[in-house]
Amino acid sequence: MSAHQKNINIAEVVQHDIDHHFHPFTDHKAFHAAGGPRVITHADGVYIWDGKGNKILDGFSGLWCVNVGYGRKELAEVAYRQMLDLPYYNTFFKTTTVPTTELAAKISSVLPKRFQHIFFTNSGSESNDTIVRFVRHYWKLKGKPYRQHFIGRVRGYHGSTMVAANLGGMAGMHEQVGTEFPGFHHVQQPYWYDFGGDKTPEEFGLEAAAAVEKKILEVGPENVAAFIGEPIQGAAGVLIPPTTYWPEVQRICRKYGVLIISDEVICGFGRTGKWWGFQSLGFEPDIVTMAKGLSSGYQPIGAVAFADTLIKDFFALGGEFYHGMTYAGHPVAAAVALKNIEIIEDEKLVQRVAELAPYFAKALASLNDHPIVGETRSLGLLGAIELSNDKAKRGRFKESGRVGTICRDHCFKNNLIMRACWDTMVLAPPFIITKKEIDDMVNLARLALDATYADVKAEM
Ligand code: PXG
């Protein structure tokens with residue numbers, strides 16, 4: 001804790017928060033009734049501390065983003081130096097800054113060779129907004145103006161701006177703002193646990209992919225611009241698709257000339273044990289969107305990588321692309337992101353995730369004997385625990401999300417951050433987590449599961 005933090009009056013911060021802070025994704029009535037926020041004051045490694053001095057194991061890397069862990073002085077120093085050299089300059093009018101350009105080159109270097117051009121944004125939502133703008137314009141330039149429709153998945157999450165929310169398939173978000181925009185469609189997610197029935201995961205993977213073809217035919221192949229998917233759907237509950245799914249989706253998209261967009265906001269930069277989720281899941285996208293792990297959350301920054309085939313035509317035919325944000329490629333954010341990628345490279349963190357993956361999977365699997373655990377699954381350092389009232393039948397508790405919230409609250413009490421996606425508990429710890437910390441994390445998860453079981457035993 002830094003010296004100035006010792007003087008923080010936490011009770012006052014809580015009161016100011018209740019009085020003035022309008023939080024995202026929050027039911028404020030319930031939140032205030034429960035006493036307002038838990039103030040997070042500082043962090044180090046895989047731990048965060050709250051205003052009461054509790055040391056909490058962050059099994060969720062902030063919000064799926066602090067991949068290199070907390071307390072990285074070199075990232076702070078790079079930001080400080082860059083602010084002194086050049087705190088801001090734009091990249092609009094035939095200018096650039098050093099870190100912005102160096103970051104574009106660095107991102108290209110960790111992608112397959114066909115991705116040589118990077119567009120900068122400030123978030124995952126903006127990255128996904130950008131692809132809609134780009135792709136629709138691209139198809140017009142290519143003389144196919146009808147290719148305007150996008151296909152995503154139910155419970156896909158692509159962000160919270162209006163267009164990104166439409167690409168996503170979160171029903172609650174759509175219902176709140178009225179009908180969805182025209183031109184956005186959603187197909188079944190490849191979620192074997194809930195929808196696979198008696199099929200093998202491989203059979204089910206093909207069935208879920210067939211839903212993409214069905215939708216393309218329904219919309220009319222000549223009208224479909226692109227298919228967007230997270231290699232592993234994160235906010236839906238770490239849905240790791242069967243191995244058959246993505247290769248088949250790719251075959252279908254190629255058959256109809258539909259572009260493939262890989263949303264790597266969560267899966268990118270090593271989370272799955274390879275640099276990119278598409279490499280772990282076996283497909284080759286045309287466009288890649290990223291944010292979160294790009295800077296490990298140390299600065300807000302997002303980006304989009306475009307395959308050369310698209311860029312070649314776009315630049316040749318394009319004229320001006322009427323799109324861009326003031327802070328796109330912000331030099332301080334770019335300098336931090338650049339250093340973050342260098343840390344991932346220097347410390348071989350992608351390899352580390354791959355090496356830790358079997359240990360993490362085994363630790364999670366040790367929970368399979370628990371009375372309310374229906375399944376555990378993981379890839380790299382992305383893991384999920386399904387809560388079930390009937391293990392043998394992959395049963396679900398009544399009122400989806402209720403028991404997940406109970407479990408999450410028990411985690412909080414035990415000083416573990418584990419997120420609930422409905423009744424799926426998810427973990428995405430920083431890549432620097434040790435085996436001992438993985439054991440601690442899973443032991444804390446078991447305590448929360450025990451406490452949850454005690455609460456819901458009567459319903460089993
Ligand atoms: N794509 C994916 C796959 C995401 O997970 C976004 C895009 C949007 O990124 P920005 O930077 O605009 O938030 C995300 C963000 C949650 C949660 O509760 C997940 C996200 C955001 C907020 C909450 O799991 N993911």
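Start at 1 and go down the list; that is how both ligands and their atoms are numbered. Only heavy atoms go into these numbers, but all of them, side chains included; no hydrogens, no water, no symmetry mates. Quick caveat: nothing in here was measured; it's all calculated off a predicted structure.
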Test salt bridge (charged side-chain N to carboxylate O under 4.0 Å, His left out) on E347 and R72; report intermediate values, then the result.
CA-CA 13 Å; E347 298 183 11; R72 292 280 189 170; 2.7 Å; yes

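In this structure, D308 does not pair ionically with R114, as no charged nitrogen and carboxylate oxygen lie closer than 4.0 Å.
Relative to the ring axis of W422, R155 places its NZ or CZ within 45° and under 6.0 Å from the centre. Relative to the six-membered ring of W276, R271 misses at least one condition, a distance below 6.0 Å or an angle of at most 45° to the axis.
In this structure, ligand 1 sits under 4.0 Å from heavy atoms belonging to L63, W64, S123, G124, S125, N128, Y157, H158, G159, E230, A235, D263, V265, I266, K292, R419.
Using a 4.5 Å cut-off on side-chain heavy atoms (C-beta onward), P331 and V98 make no contact.
Screening residues 205-216 for side chain to side chain donor-acceptor pair (under 3.5 Å), with sequence neighbours left out, gives K199-E207, E213-K255, E213-Y256, K215-E218.
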